Structures are given as C-alpha cells and as structure tokens.
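Heads up: the structure comes next, in structure tokens.
Chain letters run A, B, ... following the sequence lines, proteins first and then strands; every chain starts at 1. Computed from a prediction, not measured in an experiment: that's the story for all the values here. Because only heavy atoms are used, hydrogens play no part in the values below, and waters and symmetry mates are left out as well, while side chains stay in.
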Amino acid sequence: MLADLFVDEFLGSMLNIKALRENPDLVKAAGRKKHTPCDEPVDRILELDDQRKKLLFESEELRAAQKKVGKEIAALAGEEKQARIGEMGELADRIKGYEKKLGPLEEELNELMLLVPNIPAEDVPDGETDEDNVLMREVGELPEFGFPFKDHLALGEELDLIDMKGAAKLAGSRTYMLKNEGALLELAVLQFTLERLVEKGFSPMLVPTLVRREPMVGTAYFPGGEEQAYACERDGKYLIGTSEVPVTAYHGGEILDEADLPMLYAGYSTCYRREAGAAGRDTRGLYRIHQFNKVEQVVLCRNDEEESLRMHDFILTNAEEVLQALELPYRVVNVCGGDLGQPQVQKFDIETWMPSRESYGETHSASRFHDFQARRLELRYRDENGKVHFCHPLNNTAIASPRILIPILEINQEADGRIRIPTALQSYMGGREYIGPK
RNA sequence: GGAGAGGUGGCUGAGCGGUCGAAAGCGGCGGAUUGCUAAUCCGUUGUACGGAAAAUAGUCUGUACCCGGGGUUCAAAUCCCCGCCUCUCCGCCA
C-alpha cells in the first residue's frame with residue numbers, strides 16, 4: 001500500500017535520483033495509484049543510474065590526471081614538452097571513450113526521469129476516473145425555473161451573443177465567437193476576476209502564449225501532452241494550454257530570495273487545446289473548445305509541506321469567492337488517483353452547476369506539486385541560512401471563459417427571455433442590469 | 001528581411017589556448033571601529049554531482065558548469081562550425 005510506504009522526506013522528492021534510488025517502490029506505487037504503472041521505467045532508471053555512477057567515477061579520475069599533467073606540460077618547453085604531449089594522446093582517447101559511452105546513457109536516463117510520476121498525497125482517494133472523485137462540499141442553491149429554460153447556446157443565438165456557425169466558417173470545429181453583450185460579458189468576467197486577485201496581492205501577468213519547448217517540459221506538460229498542444233513546427237514553438245506554463249517557468253533557472261516568497265501571480269492568457277481524444281464529446285455550445293481565455297493563479301512558495309497546503313487552500317478559496325461573487329452554485333471535489341496528472345500531488349476541482357447539462361461541469365482546477373515542477377525548471381530559492389531549496393509551485397484557475405458563461409447565461413435567464421447580469425459584473429458592463437432582446 | 005556588434009559569477013565588467021571557477025568594482029554576508037545614521041577598515045562570497053574521513057551541521061578533496069550543441073587540441077571561457085538570444089542601423093509593419 002502506498003500509505004504504508006509514505007514517508008515525509010520523500011514527499012515530492014521525485015525526479016530526485018537519490019530519493020528514487022532509496023525508495024523505488026514508493027514511485028511504483030504512485031504509478032499504480034495514478035493508473036499509469038511505471039515499474040519498468042523505474043527499474044531501467046536504477047540500472048542506468050548504476051552504470052552512470054561507475055562510468056562517471058572512472059572518467060573523472062582520468063580527467064583529474066589529464067588536468068594535472070596538463071599543468072606540468074604548461075611549465076615545460078622543447079623536447080621534454082613534446083615528449084609529455086605525446087604520452088597524453090592515449091589518455092585523451094580513453095577519456096573520449098568514456099564520453100561516448102556516457103552520452104547515450106545519460107540521454108536515456110534523462111528521458112526516463114521525465115516520465116516518473118510525482119507521489120500523490122495520502123488523502124487522494126483511490127479511483128480511476130472522474131466518477132471516483134470524492135465530493136468535499138456543495139455551495140449555493142441550484143436554480144429552479146418556473147418555465148421551460150433554454151441552454152446557453154439557444155439564449156446566445158436568440159440574443160445575438162454567440163455565433164458558433166460564424167466561428168466554424170472561419171476556424172473550424174470547436175471554436176466560438178462572442179458578439180455584443182456576449183463579448184462584453186467575457187471581458188467583464190475576466191477583468192472582474194483579475195482585479196479581485198490584484199486586491200489580494202497577486203501581480204497580474206500578461207504572458208506569451210507561444211512558447212519554447214522548455215517551459216512545456218518544465219511544467220510537465222511534455223513529454224506526454226504533445227497531442228493536446230498545438231505545435232508551430234517550423235519555429236519549434238507551442239501554443240500554451242494555460243498561462244501556468246509561462247508564469248511558472250518565468251523564474252526557471254533562478255535562485256530566488258526566501259524573503260520574496262510566496263510569489264503570487266495572476267496569469268492572463270488565451271489558452272489553446274487540441275482536445276485530441278475528445279471527438280464527439282461535449283460538442284454543443286461553449287463547453288469544450290480549442291481556444292479560450294483564462295485568469296490563472298500561480299503561487300511559488302517555500303519548500304514546506306504546511307506552507308504548500310496553506311497556499312493550496314488559499315488559491316482554492318480565492319476561486320470559490322469568485323464563484324460566490326458571481327452567484328453561481330458549485331461543488332468542490334477531491335480528485336482521485338487515476339484522474340491526477342503525472343506531476344500532481346493533489347488536485348481539487350471546482351465544478352459549477354450548468355442547468356443544460358443537468359450536472360456540475362469542471363470550471364476550476366487547483367493543483368499542488370511539491371517541488372516537482374521546480375526541479376524540472378530549476379526554480380529555487382535561498383533561505384536565511386544560505387541554503388538552496390526548490391520552490392513549491394501551485395496553481396488554480398481563477399476564471400476561464402467562455403465556459404463560465406454557460407452557467408452565468410443559463411442560471412440568470414428569466415421567463416421573459418432576458419438575462420440578468422450578476423450584480424458584481426454590472427459595473428464592468430456599463431451599469432447594465434439585463435441583457436435583453438434587441 | 002539586409003548589414004554589423006555582442007552574450008562571462010547576484011550586478012557591472014576584464015580575460016581571448018595551459019598557472020582561470022575566472023581580475024577589479026558594486027552588491028550580499030561576518031567582524032572591527034565610530035553617540036545614531038552615514039562613512040571607513042579587515043575577512044568572506046556560485047551551483048550540481050561524486051569521493052574521503054567525520055557518518056544531521058561543518059571540513060577536506062575530485063569533476064562539471066564562462067548562452068546551448070558539436071568540433072579542433074595533450075590542454076578551450078579563449079580557436080572553428082551550427083543554433084538560440086540581445087543590441088545598433090536600414091527596410092517592412094499592427
């Protein structure tokens with residue numbers, strides 16, 4: 001059992017070859033809990049690691065000898081110098097031999113290390129799919145319509161807010177266009193949310209949406225998520241699926257000052273997802289589309305379990321407060337092992353009530369990783385004693401549109417066909433209270 | 001897109017084949033001194049992986065890292081090739 005193996009000091013230390021060496025069973029158990037077994041790669045890693053250590057030790061000794069003699073040669077001249085140089089040729093060849101062996105070995109090792117899953121937290125429920133997620137709480141009252149209600153698309157078309165056909169004509173399937181108050185509503189929701197986060201101390205960040213491979217690998221979307229990302233192959237760049245990617249990677253390779261932690265960022269970007277493998281699913285309306293806009297909370301905090309948990313709770317609460325301000329009923333679920341991604345230690349999803357689906361639909365996702373992404377990104381900080389640690393990055397959606405427009409439009413519809421604008425958004429829409437027929 | 005110049009430690013910036021993990025200055029840290037502040041003086045100052053005794057801490061030691069990747073050489077921050085990035089000028093352009 002994973003729980004039996006669970007040891008604090010190994011929490012989140014994966015991708016750390018030392019921790020993996022000492023407790024491979026923990027990683028294998030993590031793979032099983034996430035329903036992505038990794039026994040074979042882990043065994044192969046240990047094997048390669050052994051070979052690597054041995055070869056490295058031997059070649060380093062040769063290098064040491066070469067450098068030592070090199071210094072002697074520098075001090076010599078004439079025939080004596082030439083003689084020593086002649087002797088060194090063989091040593092140089094032997095060193096090159098080691099490099100030839102080490103190169104491919106390390107390449108394979110590094111590739112495999114990127115596949116090792118992070119260890120899920122103890123209270124992550126067992127399970128395979130989102131149906132096994134565990135309900136934590138339900139907040140808000142579900143709407144009751146005293147009339148036949150319409151779904152967001154019917155409303156949107158009637159009121160000239162949404163044009164899916166126009167979008168398809170321009171850009172193909174799973175695209176959307178917002179018009180008139182629909183367009184204003186999306187901007188309102190995003191702006192409202194961003195301002196709330198700024199009030200809480202988040203730095204707003206407008207980031208590149210087309211990025212290099214490194215941030216994708218560093219945040220652990222790659223390898224593995226290539227099918228979900230749009231690639232600009234000519235340029236070796238990728239469209240991000242979330243601003244988590246550029247924002248988390250922003251300080252990659254740096255050693256931050258502990259005094260500056262936690263860092264709170266509110267990333268804003270358009271997000272692109274291929275939705276590969278989702279063919280035929282959620283095809284109606286604004287639910288599942290290739291391109292959307294999102295305000296994302298990204299936190300970098302100390303390498304400290306308690307702090308990490310506090311921050312996870314903080315960003316979850318922030319998102320809930322946004323939904324409460326928008327007067328939307330939602331529930332929070334503890335995501336099960338099989339529904340967790342490779343990098344996550346724990347994930348809480350927020351699902352907002354969507355009348356047309358007669359269910360809650362995922363609108364937010366709050367993840368913590370321990371230092372998993374930080375190791376890949378070399379994202380570190382120095383504590384007051386001068387010791388260097390990996391940060392703990394966390395993230396959560398603050399708002400993602402147009403998906404959030406589904407409940408906003410549907411829940412606020414009235415019998416006369418108008419849509420009430422939530423009070424919190426009215427000031428972002430010129431003081432308007434209703435969206436009505438033209 | 002055309003032409004040129006560059007990318008060195010937290011920062012500025014020297015080095016342009018061996019004695020360079022890298023001068024100097026700034027910043028940081030420790031100490032001394034001065035009613036406070038400021039100033040001055042002395043010392044110290046990267047990361048990763050490995051080894052040795054000690055077996056948390058600290059110490060000694062090896063290797064790697066001067067944008068990234070290849071190459072030349074007994075030896076590369078230094079020479080050559082490719083890539084990435086930055087800056088300047090011209091052109092184009094939301």
What's [X] touching, base or sugar-phosphate or nothing? Going by heavy atoms closer than 4.0 Å.
X: V69(A); value: nothing
X: K53(A); value: nothing
X: R382(A); value: sugar-phosphate
X: R94(A); value: nothing
X: Q66(A); value: sugar-phosphate
X: K68(A); value: nothing
X: R380(A); value: sugar-phosphate

Quick one: which of [options] gets closest to the side chain of [X]?
X: K237(A); options: rG18(B), rG62(B), rC85(B); result: rC85(B)
X: K387(A); options: rU72(B), rG62(B), rA57(B); result: rA57(B)
X: K71(A); options: rU19(B), rG50(B), rC85(B); result: rU19(B)
X: A64(A); options: rG62(B), rC49(B), rG51(B); result: rG62(B)

Among Q344(A), E244(A), H392(A), exactly one meets side-chain hydrogen bond (donor to acceptor under 3.5 Å, both in side chains) together with Q373(A). Which residue is that?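 Single pass found, and it is E244(A).
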Can a salt bridge be assigned to the pair D93(A) and K96(A) using a cut-off of 4.0 Å between side-chain N and carboxylate O?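 Not counted as a salt bridge, because no side-chain N and carboxylate O are separated by less than 4.0 Å.
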Ring pair (Phe, Tyr, Trp, His ring centres under 6.0 Å) partners of residues 249-282 of chain A, not counting sequence neighbours, each pair once: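 Listed by first then second residue: H251(A)-Y265(A).
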d(CD, E87(A); P, rU73(B)) in whole Å: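 Nearest whole value for this atom pair: 19 Å.
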Does K200(A) make a cation-pi contact with F202(A) (under 6.0 Å, within 45 degrees of the axis)?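 Not flagged: K200(A) not positioned over aromatic ring of F202(A).
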